[in-house]
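Right, one structure below, let's go through it.
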Amino acid sequence: MAQRLVLQRLLSLAPRTLPSQGPLALCAPPAPHGRAFGTSARCRSTFNVQDGSDFQDRVVNNPKPVVVDFHAQWCGPCKILGPRLEKMVAKQEGKVLMAKVDIDDHTDLAIEYEVSAVPTVLAMKNGDVVDKFVGIKDEDQLEAFLKKLIGA
């Protein structure tokens, strides 16, 4: 019964027209009167690294600056920093991307980039590490870190 009510509610919502402001238009936040389900601005700016070749393709060879979040599922500070960093990257409107690397799944990448503690965040530009921090940062510090990376 509850599923039927939810389905009826979803079907009764008027379709929302999407803004046509370029490739990130599908990631624009929903309008206040829009439907309950929507895509967020981070849908295209944040991704999980699958393996070494994926990291090479999507991070090292990327023409855009990339923030790399080395984290672990068991890490409490990572659970705080991750969403905070994703939010700040989303605010940059596609000027910077964010790659998430689980060190337990990708130990080789953690070793290669000398990650000795989590969370560790690298700023990469043209395949080179240009900045780095370890631990939690507040939103002001993250914003400054990102603006320095994108040159704003």
Side-chain angles (χ1 to χ4, degrees), residues 3 6-7 10 16-32 34-152:
Q3 290 174 334
V6 169
L7 184 58
L10 287 174
R16 182 172 61 105
T17 56
L18 295 171
S20 56
Q21 300 170 356
L24 292 178
L26 293 176
C27 294
R35 54 181 201 218
F37 294 105
T39 56
S40 68
R42 59 186 148 161
C43 68
R44 291 198 184 158
S45 58
T46 301
F47 57 90
N48 291 314
V49 171
Q50 303 302 313
D51 55 32
S53 65
D54 185 43
F55 185 87
Q56 186 72 29
D57 292 343
R58 297 171 80 181
V59 177
V60 176
N61 296 336
N62 202 315
K64 288 187 178 183
V66 182
V67 172
V68 185
D69 176 20
F70 285 93
H71 68 282
Q73 295 295 322
W74 46 263
C75 168
C78 298
K79 292 177 183 179
I80 296 168
L81 179 68
R84 188 180 291 172
L85 187 55
E86 286 180 43
K87 177 181 165 187
M88 298 309 292
V89 167
K91 281 185 177 181
Q92 302 306 314
E93 300 175 337
K95 295 176 187 166
V96 63
L97 302 175
M98 179 174 165
K100 298 179 65 92
V101 180
D102 188 317
I103 63 161
D104 293 327
D105 295 338
H106 307 292
T107 310
D108 54 332
L109 288 172
I111 291 169
E112 182 179 346
Y113 286 92
E114 301 174 356
V115 174
S116 58
V118 285
T120 293
V121 177
L122 306 180
M124 296 187 69
K125 215 177 214 180
N126 301 318
D128 297 322
V129 177
V130 294
D131 204 355
K132 166 183 180 172
F133 70 83
V134 178
I136 295 182
K137 300 284 185 192
D138 64 32
E139 289 189 7
D140 291 343
Q141 293 169 313
L142 293 175
E143 187 172 9
F145 180 79
L146 293 174
K147 291 212 182 280
K148 181 178 170 188
L149 175 61
I150 60 176

Item checked: Contact check, side chains of F70 and V134, non-hydrogen atoms, under 4.5 Å -> no
Next item on the list: State yes or no: are the ring centers of F55 and F47 separated by less than 6.0 Å?
Entry: no
Item checked: Side chain proximity check, D69 to P119, heavy atoms < 4.5 angstrom -> yes
Note to self: Tell me if a side-chain donor or acceptor on H106 pairs with a main-chain N or O of G52 at a distance below 3.5 Å.
What the structure shows: no
Item checked: Flag side-chain contact, heavy atom, 4.5 Å: R84 against K137 -> no
Item checked: Within-4.5 Å side-chain heavy-atom neighbours: L81 and F133 -> yes
Checklist line | Side-chain touch V96/L149, heavy atoms, less than 4.5 angstrom | finding: yes
Note to self: With a 3.5 Å distance limit and no angle check, can you tell me whether K132 reaches the backbone of T120 through a side-chain donor-acceptor pair?
What the structure shows: no
Next item on the list: Would you check if the side chain of Q92 reaches a backbone N or O of V89 as a donor-acceptor pair within less than 3.5 Å?
Entry: no
Next item on the list: Quickly, which of V115, T107, D108 forms a side-chain contact (heavy atoms from CB on, under 4.5 Å) with I111? Name it, please.
Entry: T107
Notebook entry, point to check: Can you tell if the side chain of H71 reaches within under 4.5 Å of the side chain of D102, non-hydrogen atoms only?
Noted result: yes
Check: Given M124 and Y113, is the side-chain contact (heavy atoms from CB on, under 4.5 Å) satisfied, shown in steps?
Finding: CA-CA 11 Å; M124 296 187 69; Y113 286 92; 3.9 Å; yes
Notebook entry, point to check: With side chains defined as the heavy atoms from C-beta onward, is the minimum distance between N61 and Q56 less than 4.5 Å?
Noted result: yes
Next item on the list: Verify side-chain contact (heavy atoms from CB on, under 4.5 Å) between L85 and M98, making sure each step is shown before the conclusion.
Entry: CA-CA 9 Å; L85 187 55; M98 179 174 165; 3.9 Å; yes
Next item on the list: Keeping the roles fixed (side chain from K100, backbone from T46), state whether a donor-acceptor pair exists under 3.5 Å.
Entry: no
Check: Counting N and O atoms only, with roles assigned by atom type, does the side chain of D128 sit under 3.5 Å from a partner on the main chain of V130, one being a donor and the other an acceptor?
Finding: no
Next item on the list: Flag the pair K91 and E143 as a salt bridge only when some basic side-chain nitrogen lies within less than 4.0 angstrom of an acidic carboxylate oxygen.
Entry: no
Next item on the list: Answer yes or no: is there a side-chain heavy-atom contact under 4.5 Å between K148 and D131?
Entry: yes
